[in-house]
Amino acid sequence: MTTTLPKDGDGEAIQALRPSGAAHAISVTAASARNGAAFSSSTRVVALYATGAVYLKFGEGSVTASSSDHYFPSGVYHVFSLGGKVTRATHIAALRVSTDCTLYISELE
């Protein structure tokens, strides 16, 4: 079947959005914050959008972000892999760069 959906590293189509319960929003402040519920075990990629610049770090349930982690700019919609088959991130932590904001996360199939 022909598709216009983006494809992952294995050539498989990445579905649009997962069913309900797969959208997260993190209030990002001067203290590191992370999504409370783990990503679904079948989620391989997530799409992020931040209303302000943030530092990001993917990891397990205790992950924390710091100013030495990856910089993610405001107003950009980007898709990230949660990792491979051996290790896979279940959470994402964010820390504001200068102003409080919101990080929106959508789990994709």
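Residue numbers run from 1 in the order of the sequence given.
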| query | If Ile, Leu, Val, Met, Phe, Trp and Tyr residues are connected whenever their side-chain heavy atoms lie under 4.5 Å apart, and connections chain through other members, are Leu82 and Leu48 in the same group? | reply | yes
| Is there side-chain contact between Asp69 and Leu95, with at least one heavy-atom pair below 4.5 Å? | no
| field | Heavy-atom side-chain proximity of Val79 to Leu108 below 4.5 angstrom | value | yes
| remark: On a heavy-atom basis, the closest approach of Ala65 and Ala93 is N-CB, 3.5 Å
| task | Any pair with a residue in residues 42-62 that passes ring-ring contact (aromatic ring centres under 6.0 Å, His included), sequence neighbours left out, goes on the list, sorted by first then second residue, please. | result | Phe58-Phe80
| query | Is there a donor-acceptor pair under 3.5 Å between the side chain of Ser81 and the backbone N or O of Gly83? | reply | yes
| request: Return the orientation label for the Phe39 and His24 ring planes: parallel under 30°, perpendicular over 60°, tilted otherwise. | output: perpendicular
| remark: d(Ile26 CD1, Ser32 OG) to nearest 0.5 Å is 8.5 Å
| query | At what distance, to the nearest 0.5 angstrom, does CG of Leu103 lie from CG of Asn35? | reply | 9.0 Å
| field | Arg34: salt bridge (charged side-chain N to carboxylate O under 4.0 Å, His left out) partners, not counting sequence neighbours | value | none
| query | Taking side chain as C-beta onward, heavy atoms only, is Cys101 less than 4.5 Å from Val54? | reply | yes
| For Ser74 against Ala53, the heavy-atom pair lying closest together | CB-N, 3.6 Å
| field | Single-linkage hydrophobic cluster, 4.5 Å side-chain cutoff, Ile105 and Phe72 together | value | yes
| task | Report, as yes or no, whether the 6.0 Å neighbourhood of atom OH on Tyr104 holds more than 12 heavy atoms from other residues, nucleotides or ligands. | result | no
| note | Rounded to the nearest 0.5 angstrom, the OG1-CZ distance for Thr51 and Arg96 is 12.5 Å
| How about Ile92 and Val63: do any of their side-chain heavy atoms sit closer than 4.5 Å? | no
| field | Distance, nearest 0.5 Å, that separates NE2 of His91 from OG1 of Thr64 | value | 13.0 Å
